[in-house]
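Step one of this worksheet: look at the structure below.
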Amino acid sequence: MGRTGIAGRGLLGRWGPNHAADPIVTRWKKTPKGTVMERFGKSVLEFVAIQRQDNLQWALPGGMVEVDDTVSKTLRKEFCEEALCSEGATQEERQLITENLEQLFSNGIAVYKGYVDDPRNTDNAWIETVAMNYHDDTGNILDNIQLKAGDDACGVQWQEVSGQLSLYANHIFLLEKVAELHAACILLTEKTA
């Protein structure tokens with residue numbers, strides 16, 4: 001946070017704040033017996049992670065809010081494009097995705113809004129995000145939907161929420177906020193402890 005020492009717009013599309021939206025889709029991690037996994041007396045969360053094509057780092061699905069778009073529309077669109085590859089889905093698959101996502105995205109909770117550290121930031125252009133958590137408490141909403149990487153993602157999977165993950169930019173900070181929100185177990189790194 002603060003001055004980067006890099007002038008100009010860099011890789012960002014606009015001068016000043018570049019607005020982004022990060023959907024954080026979570027569920028409780030289950031044991032082989034189907035019960036919620038616990039560690040240190042707290043439930044363990046999983047989140048949908050994508051692998052970026054540009055640098056192969058794992059990240060939250062998300063993207064920039066276009067001029068005529070809303071944050072809520074961008075949150076849903078980016079999740080569908082990057083984690084569900086909905087562009088190539090059949091009509092039946094799209095219907096199932098639409099119905100389940102309608103249920104999931106109807107109960108989002110804002111976990112962070114503001115400036116975020118990002119390797120693309122310069123002194124003249126930076127990213128500000130809205131991070132929303134969409135939690136599938138029962139695990140049933142996304143059970144019938146297959147995660148499939150699309151758009152600018154080359155991989156997608158459920159990953160356990162942990163402060164020990166190596167994620168793009170400051171995404172670990174956003175996951176820590178989600179873990180706090182749900183009083184879930186999170187193994188912190190020395191840096192964040």
Test item: [X] side-chain N/O and [Y] main-chain N/O as donor-acceptor pair under 3.5 Å:
X	Y	answer
Arg9	Leu12	yes
Asp69	Val65	no
Asp136	Leu142	yes
Asp123	Gly5	yes
Glu82	Gly62	yes
Thr74	Ala21	no
Glu46	Gln159	no

Please report the shortest heavy-atom distance between [X] and [Y], naming the atom on each side.
X	Y	answer
His135	Asp137	NE2-OD1, 3.3 Å
Val48	Leu60	O-CD2, 4.4 Å
Ile172	Ser162	CD1-O, 2.9 Å
Cys154	Leu56	SG-CD2, 3.7 Å
Val156	Ala149	CG1-N, 3.3 Å
Asn18	Gly13	OD1-N, 3.4 Å

Rounded distance [0.5 Å steps], [atom1] in [X] versus [atom2] in [Y]:
X	Y	atom1	atom2	answer
Arg3	Thr122	CZ	OG1	9.5 Å
Asn124	Ile6	CG	CD1	10.5 Å
Thr138	Ile141	OG1	CD1	5.5 Å
Glu128	Lys113	CD	NZ	9.0 Å
Asn121	Leu11	CG	CG	10.5 Å
Leu101	Ile145	CG	CD1	5.0 Å

Check whether the side chains of [X] and [Y] place a donor and an acceptor atom closer than 3.5 Å, and report yes or no.
X	Y	value
Asn133	Thr26	yes
His171	Trp58	no
Gln95	Glu99	yes
Trp126	Asp118	no

Query raised in the report: Is any side-chain N of the basic residue among Glu102 and Arg76 closer than 4.0 Å to the acidic one's carboxylate O?
Result: yes
**Report entry** Cationic N near anionic O, under 4.0 Å, Arg39 to Glu160
**Finding:** yes
Requested in this report: Report the C-alpha separation of Val44 and Glu38 in whole Å, then their side-chain angles, then the decisive distance to 0.1 Å, and conclude whether the side-chain contact (heavy atoms from CB on, under 4.5 Å) test is met.
Outcome: CA-CA 6 Å; Val44 177; Glu38 288 192 4; 5.7 Å; no
Requested in this report: Go through Met132 and Asp22 one step at a time and tell me if the side-chain contact (heavy atoms from CB on, under 4.5 Å) criterion holds.
Outcome: CA-CA 6 Å; Met132 297 286 293; Asp22 291 306; over 6 Å; no
Side chain to side chain, [X] and [Y], heavy atoms closer than 4.5 Å:
X	Y	answer
Trp158	Val25	yes
Phe105	Phe79	yes
Lys30	Val36	yes
Val67	Arg14	yes
Asn55	Tyr168	yes

Query raised in the report: Can you check side-chain contact (heavy atoms from CB on, under 4.5 Å) on Val161 and Val178, steps first, answer last?
Result: CA-CA 9 Å; Val161 173; Val178 171; 5.8 Å; no
Report task. Show your reasoning for whether side-chain contact (heavy atoms from CB on, under 4.5 Å) applies to Leu167 and Phe47. Result -> CA-CA 12 Å; Leu167 296 177; Phe47 72 103; 4.2 Å; yes
**Report entry** Aromatic centroids of Tyr112 and Phe173 separated by under 6.0 Å
**Finding:** yes
Report task. Decide if atom NZ of Lys73 counts as having more than 12 heavy atoms of other residues, nucleotides or ligands within a radius under 6.0 Å. Result -> no
